[in-house]
Protein chains: 2
Amino acid sequence: MTHLPPAVDELDRTILALLIADARASFVDIGRRVGLSAPAVKRRVDRLRANGVITGFTATVRAEALGWGMEAFVEVYCDSAAPPSRMSEVARNHPEIVAAMTVTGDADALLHIRARTIGHFERVLERIRAEPFVRRTDSRVVLTQLLPGGDSGSGAPLRPLLDRPAENAVEPG
Amino acid sequence: MTHLPPAVDELDRTILALLIADARASFVDIGRRVGLSAPAVKRRVDRLRANGVITGFTATVRAEALGWGMEAFVEVYCDSAAPPSRMSEVARNHPEIVAAMTVTGDADALLHIRARTIGHFERVLERIRAEPFVRRTDSRVVLTQLLPGGDSGSGAPLRPLLDRPAENAVEPG
DNA sequence: CTTGAAATATAACTAAA
DNA sequence: TTTAGTTATATTTCAAG
């Protein structure tokens with residue numbers, strides 16, 4: 001049994017790009033740009049949501065404007081006995097962890113962390129290091145975002161990828 | 001002249017949390033939950049946008065559903081003569097780079113990269129390594145997302161931070 | 001795709017703190 | 001002066017044809 005192919009066509013990609021650029025755009029407005037009626041657009045958006053292509057709509061917020069001026073990536077090294085589910089629990093235990101993943105390489109996990117200040121970040125690190133199984137951490141503090149939109153996942157950086165249908169083809173071999 | 005304090009109050013934070021959870025929520029609906037009329041909500045949202053607290057509204061898309069099944073973080077080491085603006089240019093030159101930043105530590109930059117397949121990723125790496133000033137790279141391929149929402153920046157992981165006004169206070173010293 | 005009724009966005013105006 | 005409520009109108013949503 002293969003995973004169901006979502007079957008996203010050119011029109012869907014354009015609609016996705018428009019919704020990524022502005023999630024509050026009206027179906028009428030989107031329809032005008034893609035040459036479709038509003039109900040037709042709505043049907044496609046509903047289908048993209050049902051298919052799990054669109055997972056939701058969100059406001060993008062400048063973390064600094066809310067007092068979260070620090071950002072860092074932290075590699076976590078665990079005891080070899082650490083069950084993989086434990087890191088997931090650790091990630092949920094600390095609200096400052098905005099993303100967590102297992103990765104290749106020496107480290108067992110990579111954490112994306114936001115904090116108010118260096119001092120706050122230091123306390124978060126201490127909290128994480130105090131977790132069972134966590135042996136040591138290796139941090140990289142973000143200095144400057146080099147791309148507009150800054151944070152990945154804001155959707156905007158994904159848009160260029162949508163504009164290249166040829167690149168989306170399944171690669172041979 | 002100090003930077004203007006955005007002055008985000010409790011009500012704003014609730015509205016932000018609701019918009020992060022669903023960017024297409026109607027002002028009437030938001031108003032019901034915070035005890036405000038629709039125009040009052042709109043005025044606040046307009047102000048949050050004008051203040052740069054809200055930078056936009058975006059659809060969150062599952063990259064895998066579009067054929068982007070690979071994700072990696074790549075540390076880039078440059079020649080000491082590399083101007084900082086060059087990395088920014090490199091980042092813009094490769095659409096697979098969804099985020100790029102300068103960081104503390106040995107590496108000069110950290111890239112967040114999305115690719116269709118391992119083979120595609122390898123070719124992207126070769127392209128980046130061929131850039132002037134880039135001396136070497138060190139990659140960490142993402143294996144499993146440990147938090148729901150996966151990607152950071154989707155807004156959802158930021159929501160818990162909004163729920164903690166006490167944590168948002170400016171820290172002494 | 002088109003239609004039409006219900007819901008929504010939004011501007012102008014008014015009222016209150 | 002700043003913020004919210006009310007009203008009025010254009011627009012949008014959405015189910016049905």
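In what follows, chains carry the letters A, B, and so on, assigned in the order in which the sequence lines appear, proteins first and then strands, with residues in each chain numbered from 1. Reckoned from all heavy atoms, side chains included, excluding hydrogens, waters and symmetry mates.
The side chain of A:Arg43 sits closest to C:dC1 out of D:dA4, C:dC1, C:dT10. Each of C:dA11, C:dC1, D:dG5 was ranked by its minimum atom distance to the side chain of B:Lys42; first place goes to C:dA11. Here the side chain of B:Pro39 is nearest to one of C:dC1, C:dT10, D:dT13, namely C:dT10. Of the candidate nucleotides C:dT10, D:dG5, D:dT13, D:dT13 has the atom nearest to the side chain of A:Val28. The nucleotide whose nearest atom lies closest to any side-chain atom of A:Ser37 is, among D:dA4, C:dC1, D:dT12, C:dC1.
Distance, A:Leu36 CG to D:dC14 P: 16 Å, rounded to whole Å. Atom CZ in B:Phe27 sits roughly 14 Å away from atom P in D:dT12 (whole-Å rounding). Atom pair B:Asp46:CG and C:dA12:P shows a separation of 13 Å (rounding to whole Å applied). Per the geometry, CZ belonging to B:Arg47 stands 10 Å off C1' belonging to D:dT2, to the nearest Å. Whole-Å rounding puts the B:Ile15 CD1 to D:dT3 C1' distance at 12 Å.
Taking the charged nitrogens against the carboxylate oxygens, A:Glu75 and A:Arg140 do have a contact shorter than 4.0 Å, which makes a salt bridge. For A:Arg123 and A:Glu126, the salt-bridge test fails: no basic side-chain N is under 4.0 Å from an acidic carboxylate O.
The shortest distance between the side-chain N/O atoms of B:Arg24 and the OP1/OP2 oxygens of D:dT13 is below 4.0 Å. Considering only side-chain N and O atoms, A:Ser26 lies under 4.0 angstrom from the phosphate OP1 or OP2 of D:dT12.
Position along DNA chain C of the nearest nucleotide to A:Ala40 versus B:Ala25 favours A:Ala40 as the more 5'-ward residue.
With no hydrogens or angles considered, no side-chain donor-acceptor pair links A:Thr55 and B:Arg62 at under 3.5 Å.
Using a 4.5 Å heavy-atom cutoff, the side chains of A:Thr102 and A:Met87 are not in contact.
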